[in-house]
Novice: 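Before I ask anything, let me first share the structure, which is written out below as C-alpha cells.
Chain letters run A, B, ... following the sequence lines, proteins first and then strands; every chain starts at 1.
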Amino acid sequence: MPELPEVEVVRRGLERGVAGRTIAGVTVTHPRAVRRHLAGADDFTARLAGRTVAAVRRRGKYLWLPLDSGEALTGHLGMSGQLLVVPADSPAQKHLHVRLRFTDADRPGARELRFVDQRTFGGLLVVPDGDPVPPLLAHIARDPLDPAFDDDAFVAGLRRRRTGVKRALLDQTLVSGLGNIYADETLWRARLHGERPTDLLTRPAARRLLGHARDVLTEAIAAGGTSFDALYVSADGVSGLFERSLDAYGREGRPCRRCGTPVRREAFMNRSSASCPRCQPRPRPARR
DNA sequence: CAGTGGCCCTGTCTGC
DNA sequence: TGCAGACAGGGCCACT
C-alpha cells in the first residue's frame with residue numbers, strides 16, 4: 001500500500017537508478033498499465049523512445065520523470081504497483097507490465113526500469129510537464145513535507161470543511177500523501193477519532209494534527225516505508241521496516257501502546273480504521 | 001459546489 | 001476438499 005513514504009523511497013531509488021539515462025525502447029505487455037495514456041500504448045512507447053530522463057519528482061503519491069522533450073513520464077503505484085530498477089537480463093516478474101530499456105543496455109550489468117503491478121490499480125502515462133507539476137497533477141495538493149506547504153491554508157481549509165477528520169486527511173486535494181495507514185497513525189498520535197467533525201477542531205488542534213502527520217511521514221521514510229508483504233519494495237527491491245513502528249494500523253485487538261486498551265477496528269468507507277477506544281473516543285453523536 | 005458512494009482489479013484468507 | 005465471499009484500498013467519476 002504505497003503512500004507518501006513508500007513512494008518517496010521509490011523516488012530516491014529511481015533518482016539513483018535512472019536519472020540522466022536515455023531511453024532506448026519501451027515494451028508494454030499489459031495494456032491496462034497504460035490505460036490512462038488515452039492515445040494508446042503505441043503512442044506511449046513512441047513518446048519515450050530516445051528521450052533522456054532529467055530528474056525524478058514526486059507530489060503526494062504521484063511520481064513523474066521530466067524528459068528532455070518537455071513531457072514527463074508519470075506514474076501512480078495504486079495499491080500494488082512497483083517501479084523496479086533491475087538487471088536487464090533478470091527473469092520477468094509475474095505481473096510485469098512495462099519495461100524500459102536504456103541506451104547502455106549492451107553494457108554488462110546494465111539495468112532497466114520495470115513496472116510491476118499485481119492489482120493493476122496503478123499505471124503509467126506520458127503527459128506535458130509543468131512547473132511546479134504537470135497540469136495533470138494540478139489538483140493534487142502539496143504534501144506536508146513539501147517546503148512550500150502552506151500550514152495556515154491547511155488549517156483554514158480543514159476547519160472550513162464539514163466532514164470527518166479522517167476523510168479530510170485522505171482527500172488529496174486538501175493535503176496529499178496520506179492513505180489509510182498514515183491517516184490512522186496520524187490520528188492515533190493526535191488522539192483524535194477519525195469521525196471528529198473537521199469544523200469543530202480548534203486551530204491549535206488542527207496544527208497539532210498536521211505536526212503529527214509530518215512526524216509520522218518523516219519517520220516512515222527514514223525506516224524505508226511500510227511493507228506488509230512483498231507488494232511494496234523500493235526500486236532496489238528492499239522492504240521497509242516501519243511496520244514495527246505502527247501504533248494503530250494493523251494492530252486490532254492488540255494493546256494500545258499508550259494505555260493498554262485493545263485497539264479497535266471500525267468499518268470506514270468500504271475499508272477499515274484502527275484506533276484506540278480510550279485515547280480516541282468517538283465524537284458525541286449530537287452535533288450542531 | 002461540496003460531500004459521498006461505487007467501481008476498478010487480483011491474490012489471499014476465512015467460513016461453510 | 002472446494003467454492004463463495006470478504007478483504008486489501010487510491011483515484012476518479014457520477015450522483016445528490
Novice: Under the salt bridge (Lys or Arg N to Asp or Glu O under 4.0 Å) rule, what do A/D43 and A/R47 come out as? Steps first, then yes or no, please.
Specialist: CA-CA 6 Å; A/D43 183 81; A/R47 287 175 188 276; 2.6 Å; yes
Novice: Expected output is a numbered-order residue list: members of residues 123-131 of chain A with a heavy atom under 4.0 Å from any atom of DNA chain C. What is it?
Specialist: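 Of all residues in residues 123-131 of chain A, none places a heavy atom under 4.0 Å from DNA chain C.
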Novice: When we call it a touch if two heavy atoms are under 4.0 Å apart, what does A/H30 touch: a base, just sugar-phosphate, or nothing?
Specialist: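 The answer is nothing, as A/H30 stays clear of every strand by at least 4.0 Å.
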Novice: Could you verify whether a donor N or O on one side chain and an acceptor N or O on the other, from A/T226 and A/Y182, lie under 3.5 Å apart?
Specialist: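 Present: a donor and an acceptor within the cut-off.
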Novice: Please report, rounded to the nearest Å, how far the C1' atom of B/dC8 is from the CE atom of A/M79.
Specialist: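 To the nearest whole Å, that distance equals 11 Å.
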Novice: For the side chain of A/E185 and the backbone of A/D247, is there at least one donor-acceptor N/O pair under 3.5 Å apart?
Specialist: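 Side chain of A/E185 to backbone of A/D247, a donor-acceptor pair under 3.5 Å: yes, one is there.
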Novice: Quick one: does NZ or CZ of A/R257 land under 6.0 Å from the six-membered ring centre of A/W188, within 45 degrees of the ring axis?
Specialist: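 Verdict for A/W188: no cation-pi partner in A/R257.
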Novice: Five pairs per end, C1' atoms only: what is the angle between the end axes of the helix from B/dA2-C/dT16 to B/dC16-C/dG2, to 10 degrees?
Specialist: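 The angle separating the two end axes equals 60°.
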Novice: Roughly, in whole Å, what's the span from CE in A/M269 to P in B/dG3?
Specialist: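 Result: 13 Å.
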Novice: To the nearest Å, give me how far apart CG (A/D117) and P (B/dC8) are.
Specialist: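 Roughly 17 Å, once rounded to whole Å.
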Novice: Whole angstroms only, please: what is the CZ-P distance between A/R162 and B/dG3?
Specialist: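 Taking CZ of A/R162 and P of B/dG3, I get 9 Å after rounding.
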Novice: Examine the side chains of A/R264 and A/S275 and answer whether a donor and an acceptor come within less than 3.5 Å of each other.
Specialist: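 Side chains of A/R264 and A/S275: pair found under 3.5 Å.
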Novice: Measure CD/A/Q82 against P/C/dG10 and give the value in whole Å, please.
Specialist: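 Taking CD of A/Q82 and P of C/dG10, I get 16 Å after rounding.
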Novice: Let's go through A/R51 and A/E71 carefully: what are the C-alpha distance in whole Å and the side-chain angles of both, what is the deciding distance for salt bridge (Lys or Arg N to Asp or Glu O under 4.0 Å) to 0.1 Å, and is it a yes or a no?
Specialist: CA-CA 10 Å; A/R51 301 275 65 92; A/E71 296 190 304; over 6 Å; no
Novice: Using the closest heavy atom to pick a nucleotide of DNA chain B for each, name whichever of A/R160 or A/R271 lands nearer the 5' end.
Specialist: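 Closer to the 5' end of DNA chain B: A/R160.
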Novice: With a 6.0 Å cut-off (strictly less than), is the heavy-atom count around CZ of A/R35, excluding the residue itself, greater than 12?
Specialist: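 It does: A/R35 CZ has more than 12 such atoms within range.
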Novice: I need the single residue from A/D151, A/D143, A/D146 that forms a salt bridge (Lys or Arg N to Asp or Glu O under 4.0 Å) with A/R214. Which is it?
Specialist: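 Among the candidates, only A/D151 passes.
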Novice: Where do A/D184 and A/R271 land on the salt bridge (Lys or Arg N to Asp or Glu O under 4.0 Å) test, with the steps shown first?
Specialist: CA-CA 12 Å; A/D184 277 1; A/R271 55 206 67 171; over 6 Å; no
Novice: For the residue pair A/T27 / A/R101, report whether a side-chain donor-acceptor contact shorter than 3.5 Å exists.
Specialist: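 The criterion, which ignores hydrogens and geometry beyond distance, is satisfied for A/T27 and A/R101.
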Novice: Tell me, with the steps shown, if A/R189 and A/E219 meet salt bridge (Lys or Arg N to Asp or Glu O under 4.0 Å).
Specialist: CA-CA 13 Å; A/R189 292 183 181 211; A/E219 292 166 29; 2.8 Å; yes
Novice: The side chain of A/L170 lies closest to which of these nucleotides: B/dT4, B/dG11, C/dG10?
Specialist: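 Closest nucleotide to the A/L170 side chain: C/dG10.
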Novice: Under 4.0 Å from OP1 or OP2 of B/dG5: is there any side-chain N or O of A/R167 that close?
Specialist: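 Affirmative; the distance criterion is met.
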Novice: Students often get this wrong, so: under 4.0 angstrom with heavy atoms, is A/R36 touching a base, only sugar-phosphate, or nothing?
Specialist: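 Since only primed, P, OP1 and OP2 atoms lie under 4.0 Å of A/R36, the category is sugar-phosphate.
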Novice: Please state whether the phosphate of C/dA8, meaning OP1 or OP2, lies under 4.0 angstrom from any side-chain nitrogen or oxygen of A/S272.
Specialist: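 It does, given that an N or O in the side chain of A/S272 lies less than 4.0 Å from OP1 or OP2 of C/dA8.
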Novice: Quick one: A/D171 CG to B/dC1 P, roughly how many Å, whole number?
Specialist: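 Answer to the nearest Å: 16 Å.
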Novice: At a heavy-atom distance below 4.0 Å, what parts of residues 172-179 of chain A sit against DNA chain C?
Specialist: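 Contacting residues: A/Q172, A/G179.
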Novice: Tell me what A/Y62 touches on the nucleic acid: a base, only sugar-phosphate, or nothing, going by heavy atoms under 4.0 Å.
Specialist: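 Sugar-phosphate: the residue A/Y62, judged by heavy atoms under 4.0 Å, touches backbone atoms but no base.
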Novice: Identify which nucleotide among C/dG10, B/dT10, C/dC12 has an atom closest to any side-chain atom of A/Q118, counting heavy atoms from C-beta outward.
Specialist: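 Looking only at heavy atoms from C-beta outward on A/Q118, the closest nucleotide is B/dT10.
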Novice: Rounded to whole Å, please give me the gap between CZ in A/R119 and C1' in C/dG10.
Specialist: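 Nearest whole value for this atom pair: 12 Å.
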Novice: Can you find a side chain N or O atom of A/H139 that sits less than 4.0 Å from OP1 or OP2 on C/dG11?
Specialist: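 Answer is no, no contact under 4.0 Å.
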Novice: Let me spell it out: for each of A/N180 and A/L136, pick the nucleotide of DNA chain C with the closest heavy atom. Which residue's pick is nearer the 5' end?
Specialist: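 Its nearest nucleotide being more 5', the pick is A/N180.
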Novice: Output the rounded distance in Å from CZ (A/R35) to C1' (B/dC7).
Specialist: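 So the CZ-C1' distance, A/R35 to B/dC7, works out to 12 Å.
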Novice: Checking all strands, does A/R265 fall into the base, sugar-phosphate, or nothing category for heavy-atom contacts under 4.0 angstrom?
Specialist: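 Sugar-phosphate, backbone atoms only, no base.
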Novice: Out of B/dC9, B/dG6, B/dG11, which nucleotide sits closest to the side chain of A/N270?
Specialist: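 Comparing B/dC9, B/dG6, B/dG11 against the side chain of A/N270, the answer is B/dG6.
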Novice: So, does A/S80 get its side chain near the phosphate of C/dA8, meaning an N or O under 4.0 Å from OP1 or OP2?
Specialist: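 It does not, given that no N or O in the side chain of A/S80 lies less than 4.0 Å from OP1 or OP2 of C/dA8.
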Novice: Out of curiosity, does A/L178 fall in the hydrophobic cluster containing A/L201 (side-chain heavy atoms, cut-off under 4.5 Å, transitive links)?
Specialist: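 Yes, because A/L201 and A/L178 connect within a single hydrophobic cluster, where side-chain heavy atoms sit under 4.5 Å apart.
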Novice: Please tell me if the side chains of A/V85 and A/L113 come closer than 4.5 Å, counting only heavy atoms from C-beta onward.
Specialist: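 Counting from C-beta outward, A/V85 and A/L113 do come under 4.5 Å.
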Novice: Less than 4.0 angstrom between a side-chain N/O of A/H76 and OP1 or OP2 of C/dG11, yes or no?
Specialist: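 Yes, because at least one side-chain N or O of A/H76 sits under 4.0 Å from OP1 or OP2 of C/dG11.
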